[in-house]
Amino acid sequence: MTDNPVVDPTMTPAWEALDGRADAFDPDLRAWFGADPNRATRWTIDGADLHVDFSKNLIDEGVLADLLALAEQTGVYDLRDRMFAGEHINVTEDRAVLHTALRRPATDELTVDGQDAIADVHEVLNKVYDFAERVRSGEWTGITGKPVETVVNVGIGGSDLGPVMAYEALKPFVQDGLECRFISNIDPTDAGETTKDLDPETTLVIVASKTFTTLETITNAKVVRDWFLGALRDRGIVTDEATEKGAIAKHFVAVSTALDKVAEFGIDPNNAFGFWSWVGGRYSVDSAVGTSLAIAIGPDGFAEFLEGFNAMDVHFATAKPEENLPILMGMLNVWYSNFLGADTHAVLPYSQYLHRFPAYLQQLTMESNGKSVRRDGAPVTYETGEVFWGEPGTNGQHAFYQLIHQGTRMVPADFIAFANPAWPLKDGEADMHELFLSNFLAQTKALAFGKTSDEVRAEGTPEAIVSARVFTGNRPTTSIMAPALTPRVLGELIALYEHITFVQGAVWGIDSFDQWGVELGKVLAKQILPAIEGDSAALDAQDASTKALIEYYRANRK
Ligand code: F6P
């Protein structure tokens with residue numbers, strides 16, 4: 001397991017300097033804004049179509065200088081360039097990390113492990129686009145000649161969260177008459193509820209799995225196939241092996257890096273869309289894994305989505321560090337988690353369409369940076385990946401914002417909003433979107449500047465409850481705005497967070513592209529299943545707690 005030498009970040013001069021700053025740090029956003037009328041403009045950076053205001057963060061020029069020095073001293077820029085060049089920076093899996101190649105124009109050149117990666121990417125993209133167009137136009141029909149109305153994506157993790165998030169985000173761009181649904185959980189409820197009202201004759205199933213071995217996905221795919229064939233048998237449409245094969249060919253396609261396994265499952269390899277080991281699952285929504293999205297919003301929309309990713313990639317690769325959004329946001333996260341004690345990070349989109357964005361980011365950030373050994377195998381001696389979480393505003397305001405405003409923990413938060421709504425609704429004369437945006441702005445203002453006891457008293461508040469009504473302020477937020485939530489802007493946002501995740505992992509010297517931590521549970525589930533099914537030797541092999549829970553289950557299962 002070798003790589004360029006991994007720097008222990010705590011041994012760098014910049015880390016020591018930041019430690020010193022954190023000890024003496026006494027942030028006062030009211031005073032800082034009061035003293036510097038240019039603070040808002042000074043700390044606002046535009047990158048691609050994103051307009052990002054950092055001014056309400058707990059940061060000054062000195063902290064910024066040391067954070068950028070830390071990035072330099074830990075080799076962030078070098079690792080970034082090696083990632084873009086296709087070097088095997090995923091050391092524990094000995095793989096290149098090249099999701100950025102998925103969105104590069106066809107005219108670019110990049111050879112990876114002897115293969116022309118850009119040509120490969122565009123060959124698959126064209127196949128996806130061609131298929132998507134045939135489905136959208138009605139040229140692709142089901143076994144009974146009916147066009148597709150519902151696309152069901154069966155996948156989990158990166159083969160689900162990206163597609164469902166992007167589909168939900170881009171609903172206004174979805175072709176009328178087409179709907180996508182998603183099955184991920186091995187809880188039978190998911191497959192049952194998702195298929196219960198579907199017409200199999202107008203349903204297209206996409207089985208998406210990088211490995212095509214994931215228990216949840218393969219089980220769900222088999223269950224959905226059984227539902228589908230059963231319904232067609234009941235209707236007298238599937239009557240023998242030939243009609244069964246014909247029906248599967250018309251209604252089941254696959255997305256995978258393991259095309260041999262796709263064939264074993266019974267899906268025609270001609271109806272399979274490939275990708276490559278150098279695309280991590282959580283970085284794959286812009287590969288063929290996004291086929292459901294490509295069908296829903298069309299090849300032009302998907303191409304625009306990829307252009308957005310690429311615009312942010314170019315920004316990340318070329319913008320100066322002090323104007324580089326992923327560098328700044330990643331290093332701010334390091335500042336908060338390693339020096340100011342933040343354990344979590346909230347992402348709060350003021351867009352209902354982004355309601356799955358925080359869940360998507362949870363896999364992206366936490367599967368990437370939830371590590372406690374470095375790329376050279378040494379244990380880390382500092383905190384790594386924060387817990388990412390969030391919900392759309394304004395719903396979150398009426399749920400957990402209390403803790404962000406007045407709790408004991410610091411929760412750095414990204415607020416995301418768009419100038420133009422997809423739904424220009426009005427409440428009488430009031431533009432609903434403006435009511436919505438006034439909340440977006442009010443929250444970051446309240447978090448930054450708070451409310452002093454004198455201000456509370458001046459409102460005539462009884463002395464006994466003054467302290468309960470004080471807001472300390474100095475709670476850090478970053479405001480991200482864009483003109484509208486379009487395919488392009490969504491691509492930019494996703495790439496922004498991919499690269500923020502990269503920057504943090506690079507500082508920490510960890511491998512952000514493996515996920516060994518999900519293995520053990522998978523292995524144990526296989527060992528536990530026989531015990532649940534009644535094998536007494538398997539039951540006796542369990543620890544006391546697991547055994548007792550299995551016994552409870554068996555006693556109560558009707
Ligand atoms: O959770 C582990 C994981 O390997 C993720 O990294 C991945 O996105 C998910 O399982 C699904 O994997 P696959 O696409 O191979 O089915």
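All values below come from the heavy atoms of this structure, side chains included, with hydrogens, waters and symmetry mates left out. What you are looking at is a predicted structure, and each value in this text was computed from that prediction instead of being measured. Whatever order the structure lists them in is the order used to number ligands and atoms, beginning at 1. The first residue of the sequence shown is numbered 1, and numbering continues consecutively from there.
Between His99 and Phe513, the ring-plane angle classifies as tilted under the 30° and 60° cut-offs. In this pair, Phe212 and Phe265 present their aromatic rings perpendicular. The plane angle is above 60°, beyond the 30 to 60° band.
A salt bridge is absent between Arg375 and Asp511: the closest approach of a Lys/Arg side-chain nitrogen to an acidic carboxylate oxygen does not fall below 4.0 angstrom.
Under 4.0 Å from any atom of ligand 1, one finds heavy atoms of residues Ile156, Gly157, Gly158, Ser159, Ser209, Lys210, Thr211, Thr214, Gly281, Gln363, Glu367, Gln515, Val518.
Taking Thr214 as the reference, Ile156, Ser209, Thr211, Glu216, Thr217 meet the side chain to side chain contact (heavy atoms under 4.5 Å, CB included) condition, with sequence neighbours excluded. Residues passing the side chain to side chain donor-acceptor pair (under 3.5 Å) test with Asp268 are Asn270, sequence neighbours excluded. Evaluation of the side chain to side chain donor-acceptor pair (under 3.5 Å) rule for Ser512 yields Asn369 as partners, not counting sequence neighbours.
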